[in-house]
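Since we're looking at a predicted model, the values are computed, not measured. Just so you know, residue 1 is the first one in the sequence shown, and it goes up from there. Each ligand, and each atom within it, is numbered from 1 in the order the structure gives.
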Amino acid sequence: MSDCIFCRIAGHDLPADVIFEDEDIVAFRDSNPQAPVHVLFIPRRHISGIGEMESEDQLLMGKLLYTATRQAKALGLGEGYRVVINNGRKGGQHVFHIHLHLLGGRNMGWPPG
Ligand code: 5GP
Ligand code: ZN
């Protein structure tokens with residue numbers, strides 16, 4: 001069994017509020033939401049961070065971003081939203097399996113913290 005919590009969520013081995021999944025991607029609500037809508041999009045494939053992507057992962061990561069934009073529409077975020085990928089400890093990454101944050105339902109500040 002994987003000790004990666006996001007691999008376990010993707011495998012339905014840990015519970016999560018999954019809003020979308022297909023053969024490549026799983027999307028589920030963040031357990032500590034930072035906005036009224038806060039969904040995480042992960043590839044099923046375990047890649048620890050965007051710095052560890054390989055050439056063969058380019059299409060998958062494009063699909064990850066595209067899927068997030070489709071789900072943003074479905075979630076009623078037509079007026080705007082933010083996508084964030086934290087990378088590495090100094091980049092604010094805490095879970096080392098690639099995930100794209102979709103945040104919406106409130107106004108976003110800039111610069112981010
Ligand atoms: P990071 O800080 O790595 O960019 O984001 C990790 C995110 O995963 C955080 O927003 C955190 O709230 C979320 N998270 C951590 N553990 C779990 C979990 O077990 N379930 C869910 N749904 N979200 C989690
Ligand atoms: Zn993983």
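Using a 4.0 Å cut-off between a side-chain N of Lys or Arg and a carboxylate O of Asp or Glu, Glu56 and Arg45 qualify as a salt bridge. Using a 4.0 Å cut-off between a side-chain N of Lys or Arg and a carboxylate O of Asp or Glu, Arg8 and Asp3 do not qualify as a salt bridge.
Distances shorter than 4.0 angstrom occur between a heavy atom of Gly92 and an atom of ligand 1. Not a single heavy atom of Gln34 sits under 4.0 Å from any atom of ligand 1.
Heavy atoms of Leu40 found under 4.0 angstrom from ligand 1 belong exclusively to the side chain. Counting heavy atoms under 4.0 Å from ligand 1, residue Phe96 does not touch it at all.
Residue-ligand proximity, Asn32 to ligand 1, at heavy-atom distances under 4.0 Å covers atoms 12 (O). Shown in contact with Phe6 at under 4.0 Å from a heavy atom are these atoms of ligand 1, numbered in order with element: 8 (O). Here is the list of ligand 1 atoms found below 4.0 Å of a heavy atom in His94: 1 (P), 2 (O), 3 (O).
Proximity of Met61 to Ile50: side-chain heavy atoms (C-beta onward) are separated by under 4.5 Å at one or more points. You'll find the side chain of Val37 stays beyond 4.5 Å of the side chain of Tyr81, heavy atoms only. Under the 4.5 Å side-chain criterion, counting only non-hydrogen atoms from C-beta, Leu100 is in contact with Leu65.
With hydrogens left out, the protein atom closest to atom 22 (N) of ligand 1 is Arg29 O, 2.9 Å, a heavy atom. Here the protein heavy atom with the shortest distance to atom 11 (C) of ligand 1 is Asp30 OD1, 3.4 Å. Among all protein heavy atoms, the one lying closest to atom 24 (C) of ligand 1 is Ser31 OG, 3.2 Å. In this structure, atom 19 (O) of ligand 1 lies nearest to the protein heavy atom Ile5 CD1, 4.1 Å. Looking at atom 5 (O) of ligand 1, its nearest protein heavy atom turns out to be His99 NE2, 2.9 Å.
Sorted by first and then second residue, the ring pair (Phe, Tyr, Trp, His ring centres under 6.0 Å) pairs with a member in residues 7-30 read Phe6-Phe28; sequence neighbours excluded.
Looking at every heavy atom in both residues, Ala35 comes nearest to Leu103 through CB-CD2, 4.1 Å. Between His46 and Phe96 the shortest heavy-atom distance is CE1-O, 3.3 Å. Of all non-hydrogen atoms in Arg44 and Asp22, the two that sit nearest each other are NE-O, 2.8 Å.
Listed by chain and number, Cys4 SG, Cys7 SG, His46 ND1, His97 ND1 are the protein N/O/S atoms closer than 2.8 Å to the Zn ion (ligand 2), with waters left out.
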Problem - Derivation and outcome, side-chain contact (heavy atoms from CB on, under 4.5 Å), residues Asp24 and Leu60 - result: CA-CA 8 Å; Asp24 298 316; Leu60 176 62; 3.8 Å; yes
Practice task
Go through Ser48 and His97 one step at a time and tell me if the side-chain contact (heavy atoms from CB on, under 4.5 Å) criterion holds.
Solution key: CA-CA 4 Å; Ser48 56; His97 177 134; over 6 Å; no
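Summarising the local packing, CG of Asn107 is surrounded by 12 or fewer heavy atoms from other residues, nucleotides or ligands at distances under 6.0 Å.
Of the polar atoms of His38, none of the N or O atoms is found under 3.5 Å from an N or O of ligand 1, judged by distance alone. Checked against a 3.5 angstrom limit, the closest N/O atoms of Gln93 and ligand 1 fall outside it.
Taking the six-membered ring where the residue is Trp, the centroids of His101 and His99 are separated by under 6.0 Å.
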